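Below is one structure, written out as structure tokens; comments come after it.
What you see is a predicted model, and the numbers here were worked out from it, not measured in a lab. In this chain, residues are counted from 1 in sequence order.
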Amino acid sequence: MRQRPKPILVLSKCLELDACRYNGQLIRAPFVLTLMPFVELKPTCPEVEIGLGVPRDPIRLVRREAGLQLLQPSTGRDVTAPMQQFSDTFLGSLGDVDGFILKSRSPSCGIKDTKVYAGKEQQPSGKGPGLFGGAVLARFPDAAIEDEGRLTNFRLRHHFLTKLFAHAAFRELRQRPSMRALVAFHTENKFMLMAYHQTEMRAMGRIVANPAKRPIGPVLDAYADHLWHALAKPPRYTSNVNVLMHALGYVSDGLTAGEKRHFLEMLDEYRSGRATLAGPLAILQSWIARFGEAYLAQQTYLEPYPPELMDLRDSGRGS
């Protein structure tokens with residue numbers, strides 16, 4: 001069993017924790033419940049924190065000449081300044097944080113799909129992040145950030161969890177920095193980085209080599225810049241196939257023709273979008289155990305987060 005540090009996760013409190021939605025409801029999010037034992041939670045409800053009650057009249061984002069405002073149409077109350085102040089204070093007090101799961105479509109917590117209105121119009125004129133969600137994206141651009149709705153998509157969920165646990169592992173490395181630990185981190189994550197961004201992987205390899213013998217602090221800073229750029233977007237299907245074919249080379253000498261053919265057929269199923277990555281990964285892991293392939297066994301690509309979180313259900317909803 002791979003030892004992992006617990007990611008520090010900020011969570012919208014209405015997701016499975018508190019009935020604090022504007023209508024007094026609690027939002028069911030099965031994935032969030034499954035994730036809870038594996039993370040250190042920092043829950044919040046920005047709307048409650050700025051003094052709006054439960055239940056409360058809805059608020060909305062309104063675009064005006066002066067910029068986005070957060071208004072309560074039923075009362076005419078403008079809560080823009082209190083929300084901005086709370087966002088600055090709360091986010092500034094967090095310290096280390098690895099990721100966020102925020103309420104989708106919320107005028108405060110939404111990260112991309114909050115309705116934005118023009119003046120007093122009753123129909124939205126666009127979409128964007130909520131006021132708090134936008135502040136999160138600006139202050140923590142490299143963190144693992146998603147909403148509970150998008151996380152019902154397997155590909156987005158797999159990417160989010162991979163990035164979340166990579167953040168936690170790198171945070172732990174920074175707490176006990178050494179070149180030896182960085183070399184180990186890069187070695188264990190090499191296949192994962194190969195899948196995400198081969199150019200950045202090679203750049204990180206050159207940083208780890210450290211030919212100029214720079215101190216560990218600047219080396220880690222340079223490495224982190226490339227790491228978070230590499231993990232910014234989910235890997236392409238073709239990149240995953242290339243990595244799995246590369247891994248196959250480590251064990252292929254011991255396989256029968258039928259075993260190889262079955263594996264390649266599963267890769268075709270994945271490439272065509274008819275199957276997830278879980279099937280080929282499971283077969284590869286069984287071969288690693290069978291042949292005692294130590295180098296592959298240490299690769300986080302094969303198990304980037306706790307296997308208990310590998311839920312194959314997929315809503316099909318993407319970005």
Side-chain angles (χ1 to χ4, degrees), residues 7-37 39-64 67-95 97 99-117 119-124 126-140 143-152 160 315 317:
I8 300 171
L9 179 73
V10 176
L11 178 68
S12 287
K13 194 181 290 185
C14 63
L15 300 175
E16 293 288 0
L17 289 179
D18 190 13
C20 59
R21 283 280 283 167
Y22 74 94
N23 55 7
Q25 292 184 353
L26 177 144
I27 304 299
R28 294 299 179 190
F31 169 70
V32 171
L33 276 182
T34 304
L35 180 61
M36 282 182 185
V39 298
E40 179 184 330
L41 284 180
K42 293 194 173 184
T44 186
C45 177
E47 294 177 23
V48 170
E49 292 293 341
I50 65 171
L52 298 177
V54 181
R56 54 186 173 274
D57 291 334
I59 56 177
R60 64 166 53 170
L61 276 180
V62 178
R63 191 180 306 280
R64 293 185 171 169
L68 284 177
Q69 292 182 298
L70 197 56
L71 305 178
Q72 193 173 52
S74 64
T75 64
R77 184 179 176 186
D78 185 338
V79 295
T80 309
M83 185 61 72
Q84 289 172 334
Q85 182 177 359
F86 168 76
S87 300
D88 288 343
T89 301
F90 176 78
L91 297 177
S93 70
L94 281 177
V97 64
F100 296 77
I101 299 179
L102 302 177
K103 180 68 190 78
S104 62
R105 299 188 292 276
S106 163
S108 54
C109 289
I111 60 171
K112 66 183 300 179
D113 59 357
T114 299
K115 293 177 181 178
V116 179
Y117 296 81
K120 295 182 179 180
E121 297 294 328
Q122 294 304 306
Q123 296 299 319
K127 292 183 179 181
L131 221 57
F132 177 76
V136 168
L137 293 168
R139 189 180 285 258
F140 296 94
I145 303 171
E146 271 298 355
D147 65 50
E148 89 292 352
R150 283 166 51 88
L151 287 173
T152 59
F160 171 80
S315 66
R317 294 174 56 194

Quiz prompt | Any donor-acceptor N or O pair under 3.5 Å, side chains Glu47, Ser108 | solution = yes
query: Around Lys115, counting heavy atoms of other residues, nucleotides and ligands shown, do more than 12 lie under 6.0 Å from its NZ?
result: no
d(Phe140 CZ, Leu91 CG) to nearest 0.5 Å is 5.5 Å
Original post:
Could you go step by step and tell me if Ile50 and Leu52 meet the side-chain contact (heavy atoms from CB on, under 4.5 Å) rule?
Top reply: CA-CA 6 Å; Ile50 65 171; Leu52 298 177; 4.1 Å; yes
Apply side-chain contact (heavy atoms from CB on, under 4.5 Å) to residues Ile111 and Val136 and explain how you reach the verdict. CA-CA 8 Å; Ile111 60 171; Val136 168; 6.0 Å; no
When every non-hydrogen atom of Pro43 is compared with those of Leu17, the smallest separation belongs to CB-CD1, 3.5 Å
- Task: Could you check Phe160 against Ile101 for side-chain contact (heavy atoms from CB on, under 4.5 Å), going step by step and ending with a plain yes or no?
- Result: CA-CA 10 Å; Phe160 171 80; Ile101 299 179; 3.6 Å; yes
Across all chains, not counting sequence neighbours, the side chain to side chain donor-acceptor pair (under 3.5 Å) partners of Thr75 are Gln72
By side chain to side chain donor-acceptor pair (under 3.5 Å), Arg63 pairs with (sequence neighbours left out) none
Residue pairs passing the salt bridge (charged side-chain N to carboxylate O under 4.0 Å, His left out) test with at least one member in residues 126-136, sequence neighbours excluded, are none
Quiz item: Between the side chain of Glu148 and the main-chain N/O of Ser104, is any donor-acceptor distance below 3.5 Å?
Solution: yes
So, Arg56 side chain and Cys20 main chain: donor-acceptor pair closer than 3.5 Å or not? yes
Looking at Leu71, is its backbone amide N or carbonyl O close enough to the side chain of Asp78 to form a donor-acceptor pair, meaning the two atoms are under 3.5 Å apart? no
